[in-house]
Amino acid sequence: MQVRLSDHFTYKKLFRFTIPTVMMMILTSMYTIVDGFFVSNFVGKIPFAAVNLVMPLIMGIASFGFMIGIGGSAIVSASLGKGEEQRAREEFSMLIKFAIILGISSKRLRL
């Protein structure tokens with residue numbers, strides 16, 4: 001099923017494109033809830049407080065990954081939509097290199 005912006009956009013098509021993003025956010029939230037459950041029940045109150053203090057930092061770091069993944073896929077998809085396959089490959093390679101550099105630099109900074 002090929003969708004064009006000039007086509008009539010229905011709620012069914014909207015849900016088809018938004019469900020993966022919504023599911024990703026739900027699973028990320030569930031990870032936080034389950035992590036808190038196990039830490040609080042099996043380790044104790046003080047480690048649970050530590051997890052809750054550190055979690056905003058972890059989610060801030062994860063947001064860079066979300067931005068690279070979601071924003072990068074939009075850039076690559078736009079190039080593919082224009083029929084510029086070689087440019088899309090170059091942009092994808094640039095995103096991978098950027099993610100690797102960001103990961104190495106965060107490791108060196110001990111974030």
Side-chain angles (χ1 to χ4, degrees):
M1 178 175 164
Q2 188 175 15
V3 178
R4 298 195 172 145
L5 291 176
S6 60
D7 292 345
H8 179 67
F9 210 70
T10 63
Y11 285 112
K12 182 180 177 183
K13 290 179 184 178
L14 176 68
F15 287 131
R16 180 174 174 240
F17 288 108
T18 58
I19 291 295
T21 304
V22 170
M23 291 303 297
M24 182 212 43
M25 292 306 297
I26 289 172
L27 290 174
T28 303
S29 299
M30 285 177 57
Y31 169 77
T32 305
I33 293 168
V34 170
D35 187 41
F37 173 78
F38 282 106
V39 170
S40 67
N41 285 324
F42 297 110
V43 182
K45 293 178 183 178
I46 294 174
F48 181 59
V51 168
N52 285 327
L53 288 173
V54 173
M55 192 55 74
L57 177 64
I58 293 170
M59 292 309 294
I61 293 169
S63 66
F64 282 105
F66 294 151
M67 285 189 290
I68 293 169
I70 295 169
S73 67
I75 292 169
V76 171
S77 296
S79 295
L80 287 174
K82 294 177 186 175
E84 300 170 349
E85 187 174 331
Q86 182 59 33
R87 181 175 176 168
R89 290 177 187 270
E90 292 170 359
E91 291 167 343
F92 182 76
S93 297
M94 184 249 332
L95 290 165
I96 296 298
K97 290 174 189 174
F98 178 70
I100 290 171
I101 290 169
L102 189 64
I104 290 171
S105 65
S106 69
K107 181 69 173 171
R108 291 194 185 255
L109 294 174
R110 298 185 191 262
L111 293 177

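None of the values given here were measured: they were computed from a predicted structure. Hydrogens, waters and symmetry mates play no part in the numbers below; they use all other heavy atoms, side chains included.
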[X]-[Y] co-clustered via ILVMFWY side chain contacts under 4.5 Å:
{"X": "Phe48", "Y": "Leu53", "value": "no"}
{"X": "Val34", "Y": "Met59", "value": "no"}
{"X": "Val51", "Y": "Ile58", "value": "yes"}

Between atom [atom1] of [X] and atom [atom2] of [Y], what is the distance when rounded to the nearest 0.5 Å?
{"X": "Ser79", "Y": "Arg89", "atom1": "OG", "atom2": "CZ", "result": "12.5 Å"}
{"X": "Glu90", "Y": "Glu84", "atom1": "CD", "atom2": "CD", "result": "10.0 Å"}
{"X": "Phe66", "Y": "Thr21", "atom1": "CZ", "atom2": "OG1", "result": "10.5 Å"}
{"X": "Thr28", "Y": "Ile33", "atom1": "OG1", "atom2": "CD1", "result": "11.0 Å"}

Exercise for the section: Using the salt bridge (charged side-chain N to carboxylate O under 4.0 Å, His left out) rule, collect all pairs that involve residues 91-105, keeping only residues at least two apart or in two chains. Expected result: Arg87-Glu91
Exercise for the section: Check for a donor-acceptor pair, side chain of Asn41 on one end and backbone N or O of Phe37 on the other, with a separation under 3.5 Å. Expected result: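 Yes, Asn41 side chain to Phe37 backbone: donor-acceptor pair under 3.5 Å.
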Practice task
If a pair satisfies side chain to side chain donor-acceptor pair (under 3.5 Å) and one of its residues is in residues 45-66, list it, with sequence neighbours excluded.
Solution key: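 Checked against side chain to side chain donor-acceptor pair (under 3.5 Å) - neighbours excluded - no pair reaches residues 45-66.
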Exercise for the section: Kindly give the cluster partners of Phe92, where membership spreads through any ILVMFWY side chain lying under 4.5 Å from a current member. Expected result: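 Via sub-4.5 Å side-chain contacts, Phe92 links to Phe64, Met67, Ile68, Val76, Leu80, Met94, Leu95, Ile96, Phe98, Ile100, Leu102, Ile104.
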